[in-house]
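Everything below concerns the one structure shown next.
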Amino acid sequence: MKTIELIVPCYNEEKCISLFYDRIKEVFSDMPGYRFIITFVDDGSKDNTMNEIKTVVERADAGKVQYISLSRNFGKEAAMYAGLSKSVGDYVAVLDADLQHPPELLKEMLDAIENEGYDCASARRVSRKGEPMVKSALSKAFYHVINHVTVIDLVPGSTDYRLMKRKVVEAIVAMSESERFTKGIYAWVGFKNKWIEYKNVERAAGKTKWNVRGLFRYAYSGFLAFATTPLRAVIYFGMFIVFVSVLAAIHVFRAALKTPGERTGYASIIILMLFLGGVIITILGMIGEYLARIYMEVKRRPIYFERESNIDDNVANDEKKH
Ligand code: UDP
Ligand code: MG
C-alpha cells in the first residue's frame, strides 16, 4: 500500500486546523487503498495552533497525524523544508492550512502521477478573484521580469501546492540553500510536471500572513536567488559609457580642427571623466560577475538530478573495484 503524506505549514492558524482536518478526512474517504500521513509544521505560532494540532492528533481516525513545531517563526519556506526533509511518504504533497489549496485536487494529482506518467502535479491558480488588484498587478510584473532574466521558467499563478514522487522530494531537499524560494526550486529541479488549474478560493478562517512589504521581500529574494543577470547589465552599462566617451572625444576633436582658437579644456576633462567612469563600472561589473558565480557556487546546489536510469549503482561500483 502506498503512503501519501501531506505537509501543512501553519502559522497562527488556530481556526483552520480542525476545519482542515475535517475536509481532508472527506477526501481520504474517497481514496481507499492508500495510507495517509498528515504532518503539521507549526512555524512558531503565537496563538492556540499547537493545542489545536494536538487535539486533532488525539481525535484522528483517518490516517496518521503528526507534527513538527519550530522553535520560532522561520517563515513558510523554512516550514515547508522542515516538513519535506522529515517526510517518508511515497507521495508527498505540500498545501496550506487555510484550505486555499483545495484538497480535492489531490485525486487529480495522484491520477496524473500514477496513470499519466508524471513525476509531480502542481496547482495553478487561474483566477485571482478576491485578491487585491495591486497584489495581482505586482505579481504579474514579477513573473514577467523573473522569466526574462533568470534560467528558470515560472508559470504565472503557480503555487507551492504540489503532489510529488519521493525522488522529486529528495531533489528539493537536496537544494539545501537557506534563502529558499520554493516556486523557483520546483522549476529548477525539473521532472515531468502536470499543471492542474483551479479557481482562487478565499481563506477558510483567520487572515493572511502577507503584507505588501513581506511580498516585496519575497519577490526580491526569489529574484536574487536565481538571477545573476543584473550584474551582467552593469558590465554592459560600463561599456556603453566608454563607447559614448569615445564618440564624444571624436566629435570634440573634429570640431576643434574645424574652428581654430583658444580651448578651455572643459571638453577633454569631461570626456576623460566619462571614459574613466565607464572603465571603472565595467571592471566593477566583472568583479560582480565573479561574485555571482561564488554566490551560486556556495549554494552547493546539486549538479543534476536523475529521472530514470538503467544503471544499477551497486553493480557499477563492484565493476569499478575490479
Ligand atoms: N505560513 C507559515 N509561516 C509564515 C507565514 C505563513 O507557515 O511565516 C503558512 C500559513 O499558515 C498558511 C500558508 O503558509 O498555511 C500560506 O499563508 P497565507 O495563507 O497567509 O498566505 P496567502 O494564501 O495569503 O498567500
Ligand atoms: Mg492563504
Side-chain angles (χ1 to χ4, degrees), residues 5-24 38-53 56 65-87 92-106 122-140 142-143 154 156-163 172 178-186 198-222:
E5 179 166 354
L6 309 181
I7 310 286
V8 193
C10 314
Y11 177 54
N12 294 348
E13 300 285 8
E14 56 183 5
K15 294 205 191 88
C16 292
I17 304 293
S18 80
L19 290 175
F20 177 86
Y21 180 71
D22 293 337
R23 265 282 281 288
I24 286 290
I38 303 176
T39 307
F40 287 108
V41 185
D42 164 43
D43 185 15
S45 298
K46 293 179 186 69
D47 64 358
N48 225 1
T49 302
M50 220 27 244
N51 287 334
E52 285 292 319
I53 292 175
V56 168
V65 182
Q66 53 184 24
Y67 62 85
I68 308 169
S69 183
L70 307 187
S71 59
R72 66 166 170 87
N73 179 236
F74 284 93
K76 185 184 174 188
E77 295 292 329
M80 289 191 287
Y81 182 76
L84 286 174
S85 60
K86 294 228 167 184
S87 70
V92 181
V94 181
L95 71 170
D96 287 358
D98 58 8
L99 290 170
Q100 278 189 304
H101 291 159
E104 290 74 21
L105 296 185
L106 284 171
S122 316
R124 184 175 162 245
R125 220 158 33 141
V126 286
S127 102
R128 290 180 162 265
K129 228 177 84 201
E131 197 184 68
M133 240 164 66
V134 187
K135 196 176 164 193
S136 313
L138 284 178
S139 109
K140 210 170 146 195
F142 169 70
Y143 282 110
L154 285 193
S158 63
T159 61
D160 295 334
Y161 183 15
R162 165 186 263 207
L163 179 72
I172 291 167
S178 50
E179 194 71 22
R180 297 183 75 75
F181 178 64
T182 296
K183 283 179 203 174
I185 291 176
Y186 280 174
Y198 76 101
K199 291 223 167 68
N200 196 31
V201 197
E202 305 226 347
R203 232 176 195 282
K207 37 179 205 289
T208 174
K209 310 297 165 326
W210 290 106
N211 53 27
V212 174
R213 210 170 118 230
L215 275 177
F216 261 113
R217 213 179 309 135
Y218 177 66
Y220 186 65
S221 106

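Note that these values count all heavy atoms, side chains included, but never hydrogens, waters or copies made by symmetry. In each ligand, atom 1 is the first atom listed, and ligand 1 is the first ligand listed. Index from 1, following the sequence.
- Atom 18 (P) of ligand 1 has Arg203 NH2, 3.5 Å as its closest protein atom, hydrogens excluded (heavy atom only).
- For atom 23 (O) of ligand 1, the closest non-hydrogen atom of the protein is Gln100 OE1, 2.7 Å.
- Of all protein heavy atoms, the one closest to atom 15 (O) of ligand 1 is Pro9 O, 2.8 Å.
- For the pair Tyr161 (side chain) and Pro102 (backbone), a donor-acceptor distance under 3.5 Å is present.
- At a cut-off of 2.8 Å, Asp96 does not coordinate the Mg ion (ligand 2) through any N, O or S atom.
- When the options Glu13, Glu77, Met80 are ranked by their closest heavy atom to atom 10 (C) of ligand 1, first place goes to Glu13.
- The closest donor-acceptor contact from the side chain of Glu14 to the backbone of Glu52 lies at 3.5 Å or more, if one exists at all.
- Where the criterion is an N or O separation shorter than 3.5 Å, residue side chain and backbone included, Lys207 fails it with respect to ligand 1.
- By the 3.5 Å distance cut-off applied to N or O atoms, Ala79 is not counted among the residues near ligand 1.
- With rounding to the nearest 0.5 angstrom, the OH atom of Tyr186 is 5.5 Å from the CG atom of Asp160.
- Remark: among candidates Phe40, Phe74, Tyr11, the nearest residue to atom 1 (N) of ligand 1 is Tyr11, based on non-hydrogen atoms.
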List the steps, then state whether side chain to side chain donor-acceptor pair (under 3.5 Å) holds for Thr49 with Glu13.
CA-CA 6 Å; Thr49 302; Glu13 300 285 8; over 6 Å; no
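- Take the N/O/S atoms of Asp98: the one nearest the Mg ion (ligand 2) is OD2.
- Summary of contacts: the protein heavy atom closest to atom 20 (O) of ligand 1 is Lys209 N, 2.7 Å.
- Nearest protein heavy-atom contact of atom 24 (O) of ligand 1 is Thr208 OG1, 2.6 Å.
- Of the possible donor and acceptor atoms, none in the side chain of Asp96 sits under 3.5 Å from a partner among the backbone N and O of Asp98.
- With respect to the salt-bridge test (charged N to carboxylate O, under 4.0 angstrom), the residues Arg23 and Glu104 qualify.
- The protein atom (non-hydrogen) at minimum distance from atom 3 (N) of ligand 1 is Asp43 OD2, 2.6 Å.
- At a cut-off of 2.8 Å, Thr208 is not counted among the residues with an N, O or S atom near the Mg ion (ligand 2).
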